[in-house]
Amino acid sequence: MEKKTYYITTPIYYPSGTWHLGTCYTTVVCDALARFKKMDGFDTFYLTGTDEHGQKIEKVAEDAHKEIHAFLDERIDTLKKLWSVLGIKYDKFIRTTDSYHKEAVKKIFTKLYEKGDIYKSHYEGHYCAHCESFWTESQLKAGKCPDCDRETTIQKEECYFFKLSQYGDRITKLIKENPDFLQPPSRQNEMIKNFLLPGLQDLCVSRTSFKWGIPVEFDKDHVIYVWIDALTNYLTALGYASDDETLFKKYWPADIHMMGKEIVRFHAIIWPAILMALDLPLPKRVYGHGWLLFGDEKMSKSKGNIIDPFELCARYGVDSVRYYLLRDISFGNDGLYTLEAFLRRRNADLCNDLGNLLSRTLMMINKYFNGILPEPVEVGEFDSDLIDKISELYPKVRDMMDNLMVSEALSEIFKVVSRANKYIDETTPWILARDSANKQRLGTVLYNLAEALRIVGILLKPFLIDAPNVILDALSVENPSSFEGTIKFGGLKPGTNIKVTNKLFDRIDIETELLNVEVNNSMNNQTIDNSINNQPNETVQVLQEKAPAFEKKPLIEYAEFAKMDLRVGIIKNAEAVKKSNKLLKLTVDIGIETRTIVSGIAKYYAPEQLIGKRVCAIINLAPVKLCGVESEGMLLCSSNVAGDVILLNPGEQMNGGDLIS
Ligand code: MSP
């Protein structure tokens, strides 16, 4: 029997911006969904790519003094590297500069013109170059672009128009009568209220004021509007309007177009209108997810509130990042990123729940059965509840994924992980092990736990990259590519070799980590920039509590060293910082004034030991808030591998404010 197909797309990414954790969101979700559908027996096609034309890209390349193709190639390399770091497995990566795409777009434009859906006229109105969007006076918000809040410019030029106004009624009907078409439901109201009810206007679909685009075949002074070029990628990637339309015939219409909510109107209004004009079937679903926020605002380069996904993956591992995005953000809604929430989620679910279940189970099978999986013999107390929960898991997760309840699906899987941990506490295998008469019962308990881990490991495969492999490898299970036949309780063969593995996830001391990151950020004044030139920093290691191995830093010029204002300070007062067992708040006399300096030395010095101590302080470090207290400098310490930390002493004859150089 032929497999059912499933065609899933992300928006194609602008190569001009900075890719931050927010921009990764759509792609990570689609990747999990595509992997799930593949394992669920669908012939899945997952498309992503880049949106490379338009005035904005032309300008960014120019500002970077780069030839545009070379600029784009570099950027696309970095984006592909990002997808590889995040474990994204797409079936096709389309670039709108690919020649097959350009040829097909020209044909589509010509076809629409010949059918009378495109006509030539003049445009005069507001244009946002950043969003490549046209706006009417009434759509502007306080005179600015309603999407990005930037200034718009008045554009007046000859251009081609698409008769969007003719499709308003059909699109309103589509959205109202097919609630599945546009999801989540809140987006339906937004589209109807903001765009369809006020009435659609014809859309300007060509430009003459710049050249970086696909030319109109029959009027070479015009390039095709970038959103027409971009949206049609969903067709051209499948070979539409090319010599070989096999993939198009197989996969179109798309099962789902996924995107962030700010570009829903392009996908739920303009795109169906184009498809209607081309007499093509419409996508089955358009889904506009919420935004990842950071500090109450949408994470975005222009706001400067971004988190570098390369760095986050290097520091905490790709599984932690994927798990956080998929589990912590309720899909469809906005979600607020904080490092603390990220770390808590990682510690609680991955490190404690999953990590402990794995290490306890493997350890006990090795200790009590020499690493050979025992045979389950009888169903005892607590077993049926665990086995029932495991058996019900797959259909539940499948239903949730079909309804795009991604976070809930993961939550169900982790409920079984918790249930299995509780089962260990209920059955107390370590007590059973004390009496050889209980050997069979002990074997049954450990078998059930191993089986719980196997099924959890398989179901986690679409969501996480490394952990499922570690789990399945430890159980000597062949890594399945399908749920079929592998997800039924009882699949593990007694007698299988069970290995002991390294910890799945190292526990992170959240307070220390937050402090380290805060200090690091303020010292480096870290702003990420994977936008142009910069290659991602993939070498960041998780900060160690102890001093790291000796590692030479690069040479610096004296002038750089001389920028530091190093002074002798005398500690006048010292007290613990509330809610922290690492920090002390110190009042330090630096000659001309006293400073509040927060120092992470509470483990090494009692406050009363410090009063009157002479210390070396850097006093021109930008202030930073640590656990709510503003620190106006930093004290120098030496530390060794044994974990000793000692404040540097400049000598008793020195006074507060004396120079250190
Ligand atoms: N090029 C257009 C799409 C054309 S599709 C025919 C575009 N590109 S983008 O690079 O700006 O956005 C890529 C994806 O990242 C979009 O789904 C967008 O919504 C998403 N996000 C960008 N910032 C985001 C957050 N802060 N949070 C969640 N998603 C966000 O738009």
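In each ligand, atom 1 is the first atom listed, and ligand 1 is the first ligand listed. What you see is a predicted model, and the numbers here were worked out from it, not measured in a lab.
Within ligand 1, counting atoms from 1 as listed, the ones closer than 4.0 Å to a heavy atom of Thr26 are 14 (C), 15 (O), 16 (C), 17 (O), 20 (C). For ligand 1, the atoms sitting less than 4.0 Å from at least one non-hydrogen atom of Thr23 are 15 (O), 21 (N), 22 (C), 23 (N), numbered in the order shown with element in parentheses. Ligand-side atoms of ligand 1 in range of Glu262: 18 (C), 19 (O), range being under 4.0 angstrom from any heavy atom. With ligand atoms numbered from 1 in the order given, ligand 1 contributes 23 (N), 26 (N) to contacts under 4.0 Å with heavy atoms of His20. The contact set between ligand 1 and Met259, taken as ligand atoms under 4.0 Å from a residue heavy atom, comprises 17 (O). For ligand 1 and Asp51, the ligand atoms under 4.0 Å from any heavy atom of the residue are 1 (N), 2 (C), 4 (C). Of all atoms in ligand 1, listed by their number and element, those nearer than 4.0 Å to a heavy atom of Pro11 are 3 (C), 5 (S), 16 (C), 17 (O). For ligand 1, the atoms lying closer than 4.0 Å to a non-hydrogen atom of Ala230 are 6 (C).
For atom 27 (N) of ligand 1, the closest heavy atom belonging to the protein is Leu292 N, 2.8 Å. Looking at atom 31 (O) of ligand 1, its nearest protein heavy atom turns out to be Ile263 CD1, 3.6 Å. Of the protein's non-hydrogen atoms, Met299 O, 3.0 Å is the one closest to atom 26 (N) of ligand 1. For atom 13 (C) of ligand 1, the closest non-hydrogen atom on the protein side is Tyr13 CE2, 3.4 Å. Counting protein heavy atoms only, atom 23 (N) of ligand 1 is closest to Lys298 CE, 3.5 Å. Scanning all protein heavy atoms for the shortest distance to atom 10 (O) of ligand 1 gives Tyr14 N, 3.1 Å. Nearest protein heavy-atom neighbour of atom 3 (C) of ligand 1: Ile12 O, 3.3 Å. Taking atom 30 (C) of ligand 1 as the reference point, the nearest protein heavy-atom neighbour is Gly22 O, 3.3 Å.
Annotation: the span from Glu217 atom CD to Ile108 atom CD1 amounts to 12.5 Å, rounded to 0.5 Å. From Lys461, atom NZ reaches atom NZ of Lys38 across 12.0 Å, with rounding to the nearest 0.5 Å. The structure places NZ of Lys37 at 9.5 Å from CD1 of Ile256, a figure rounded to the nearest 0.5 Å.
Using cut-offs of 30° and 60° for the angle between ring planes, the Phe294 and Tyr337 rings count as perpendicular. Taking the six-membered ring where the residue is Trp, Tyr113 and Tyr160 present perpendicular rings, their angle passing 60° and hence far from 30°. Using a 30° and 60° split on the angle between ring planes, Phe161 and Tyr123 fall in the tilted class, from 30° to 60°. Aromatic ring pairs are classed by plane angle as parallel below 30°, tilted from 30° to 60° and perpendicular above 60°; the pair Trp227 and Phe266 is parallel.
Between Leu231 and ligand 1, no pair of N/O atoms sits closer than 3.5 Å.
Counting heavy atoms from C-beta on, the side chains of Glu103 and Ser242 never come closer than 4.5 Å.
The cationic group of Lys92 does not satisfy the cation-pi geometry with Tyr46, failing either the under 6.0 Å distance to the six-membered ring centre or the 45° limit from the ring axis.
Within the 4.0 Å heavy-atom shell around ligand 1 one does not find Met258. Assignment of Tyr234 to the shell around ligand 1 is supported, since a heavy atom sits closer than 4.0 Å. For the pair Gly290 and ligand 1, a heavy-atom separation below 4.0 Å is found. Look at Phe294 and you'll find every heavy atom at least 4.0 Å from all atoms of ligand 1.
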message = As a quick check of understanding, evaluate salt bridge (charged side-chain N to carboxylate O under 4.0 Å, His left out) for Lys298 and Glu262, giving each step before the final call.
response = CA-CA 11 Å; Lys298 181 187 180 203; Glu262 80 285 9; 3.6 Å; yes
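Side-chain rings of Phe45 and Tyr6 stay apart, their centers remaining 6.0 Å or farther from each other.
A salt bridge does not link Asp73 to Lys66: none of the charged side-chain nitrogens sits closer than 4.0 Å to a carboxylate oxygen. Salt bridge present: Asp255 and Lys284 bring a charged side-chain N and a carboxylate O closer than 4.0 Å.
The side chain of Trp227, and not its backbone, has at least one atom closer than 4.0 Å to an atom of ligand 1 (non-hydrogen atoms only; side chain from C-beta on).
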